[in-house]
Amino acid sequence: MKKSIIFSAPSGSGKTTVVKHLLNVMGDNLAFSVSATTRKPREGELDGREYHFLESSVFNQHIQDNAFLEYEEVYAGILYGTLWSEVHKIWNANKAVIFDVDVKGGLNLKRQFGEQALAVFLRPPSVEILMDRLTKRSTEVEHQLKERIAKANYELSFEQQYDLVVVNDDLSTTLKECEQIVQNFLNK
Ligand code: ADP
Ligand code: 5GP
């Protein structure tokens, strides 16, 4: 069966950390859906690895061409979208797809895939801890950081709509828990 695992959460909750870990330990069975975005790469990010970094005009052309399963303006003026081409490539390699998308995108994917998908909401222990983690990550300039924190409470209100919620408190416990959850889903 063509399976998908969706990880969603407010920015700074730990999605990237968890997804990278799962790919390290379960990479034979899982592959990451590289999204498209109009944001600029951060230091250390590579085009085609973290994201397909696109000009807005190219992103808009992909919208016209129905190349996306879903896309969202996650932050003001910045678009992110899941490409059908990524999903097909991974399924054709007989692997399950793993997504790191925002909360609305995650629910949109779950609606499309139904029982074939497991939608996991990764929750920070508190908004204060989330702020602290985002600030320490220091990848955003001040106004972007504020925008992400301001959005967190809104995003947290979506958690009941997910199949499962994992509270990311102690990291090693979270990683073990997520490994178990994904393994159980793949074994079903
Ligand atoms: P997201 O992809 O959801 O925005 P990241 O995976 O980038 O989040 O995590 C945000 C920051 O918090 C990173 O610097 C990461 O190293 C750190 N982090 C993630 N999980 C934990 C945890 N359980 N305890 C402490 N720091 C964490
Ligand atoms: P960042 O800029 O920190 O990499 O990501 C910002 C937010 O965009 C994160 O919540 C991330 O999960 C989300 N995101 C990344 N790719 C996609 C996508 O393809 N679709 C949607 N809806 N959100 C995405």
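In listed order, ligands and their atoms are each counted from 1.
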Chemist: Can you tell me how far CD of Glu155 sits from CZ of Arg148, rounded to the nearest 0.5 angstrom?
Modeler: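 These two atoms lie 9.5 Å from each other.
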
Chemist: Mind checking whether Tyr71 and Trp84 have ring centres under 6.0 Å apart?
Modeler: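 No, the ring centres sit 6.0 Å or more apart.
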
Chemist: Where is the nearest protein heavy atom to atom 20 (N) of ligand 1: which residue, which atom, and how far?
Modeler: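 Ranking protein heavy atoms by distance from atom 20 (N) of ligand 1, first comes Asn168 ND2, 3.0 Å.
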
Chemist: Can you run down the ring pair (Phe, Tyr, Trp, His ring centres under 6.0 Å) pairs that involve residues 122-154, sequence neighbours left out, and say none if there aren't any?
Modeler: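 Applying ring pair (Phe, Tyr, Trp, His ring centres under 6.0 Å) to every pair that reaches into residues 122-154, excluding sequence neighbours, yields Tyr154-Phe158.
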
Chemist: Got the closest protein heavy atom to atom 7 (O) of ligand 1, with its distance?
Modeler: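 The answer is Arg137 NH1, 2.7 Å.
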
Chemist: Would you confirm whether Lys3, through its side chain, and Gln116, through its main-chain N or O, come within 3.5 Å as a donor-acceptor pair?
Modeler: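 Answer holds: no.
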
Chemist: Quick one: do Asp163 and Lys110 make a salt bridge, cutoff under 4.0 Å?
Modeler: yes

Chemist: Atom NZ of residue position Lys151 - does it have more than 12 heavy atoms of other residues, nucleotides or ligands inside 6.0 Å?
Modeler: yes

Chemist: Before you tell me yes or no, could you show the steps for Arg39 and Glu45 under salt bridge (charged side-chain N to carboxylate O under 4.0 Å, His left out), namely the whole-Å CA-CA distance, both residues' side-chain angles and the distance that decides it to 0.1 Å?
Modeler: CA-CA 12 Å; Arg39 89 154 160 73; Glu45 287 183 333; 2.8 Å; yes

Chemist: Among pairs that include at least one residue of residues 159-179, which meet ring pair (Phe, Tyr, Trp, His ring centres under 6.0 Å), considering only residues two or more places apart or in two chains?
Modeler: Phe121-Tyr162

Chemist: For atom 8 (O) of ligand 1, find the nearest protein heavy atom and state the residue, atom name and distance (0.1 Å precision).
Modeler: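 Among all protein heavy atoms, the one nearest atom 8 (O) of ligand 1 is Gly14 N, 3.1 Å.
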
Chemist: Consider ligand 1: state whether an atom of it lies below 4.0 angstrom from any non-hydrogen atom of Ala9.
Modeler: no

Chemist: For ligand 1, find out whether one of its N or O atoms is nearer than 3.5 Å to an N or O atom of Ser13.
Modeler: yes

Chemist: Report yes if some N/O of Thr17 lies less than 3.5 Å from some N/O of ligand 1; otherwise report no.
Modeler: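 N/O-N/O distance under 3.5 Å: yes.
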
Chemist: Can you figure out which of Ser138, Ser172, Gly12, Pro125 has its heavy atom closest to atom 10 (C) of ligand 1?
Modeler: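 When every heavy atom of Ser138, Ser172, Gly12, Pro125 is considered, Gly12 comes closest to atom 10 (C) of ligand 1.
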
Chemist: Between Phe32 and Phe99, is the gap from one ring center to the other below 6.0 Å?
Modeler: no

Chemist: What does the 4.0 Å heavy-atom contact list look like for ligand 2?
Modeler: Lys15, Ser35, Arg39, Arg42, Tyr51, Glu70, Glu72, Val74, Tyr75, Tyr80, Gly81, Thr82, Asp100, Val101, Asp102, Gly105, Arg148

Chemist: Which residue pairs pass the ring pair (Phe, Tyr, Trp, His ring centres under 6.0 Å) test with at least one member in residues 163-188, sequence neighbours excluded?
Modeler: none

Chemist: Number the atoms of ligand 1 from 1 as they appear, then name those within less than 4.0 Å of a heavy atom of Ser11, with their elements.
Modeler: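 So the atoms of ligand 1 that pass are 4 (O).
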
Chemist: Give a yes/no on ligand 1: does Thr174 have at least one heavy atom closer than 4.0 angstrom to it?
Modeler: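 Checking ligand 1 against Thr174, which is what was asked, there is no heavy-atom contact under 4.0 Å.
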
Chemist: Would you mind running through ligand 1 and noting each atom that sits below 4.0 Å from a heavy atom of Leu171?
Modeler: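 Those of ligand 1 that fall under 4.0 Å from Leu171 are 20 (N), 22 (C), 23 (N).
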
Chemist: Counting only heavy atoms not in Glu115, do more than 12 fall under 6.0 Å of its CD?
Modeler: no

Chemist: Please report which non-hydrogen protein atom sits nearest to atom 24 (N) of ligand 1, along with the residue it belongs to and the distance in Å to one decimal place.
Modeler: Arg133 NH2, 3.3 Å

Chemist: Could you check whether any heavy atom of Asp169 sits closer than 4.0 Å to an atom of ligand 1, since that is the contact criterion I want to use?
Modeler: yes

Chemist: Quickly, which of Asn168, Val166, Asp169, Val165 forms a side chain to side chain contact (heavy atoms under 4.5 Å, CB included) with Arg123? Name it, please.
Modeler: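 Exactly one pass, corresponding to Val165.
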
Chemist: Looking at atom 2 (O) of ligand 1, what's its closest protein heavy atom, distance included?
Modeler: Thr16 OG1, 2.4 Å

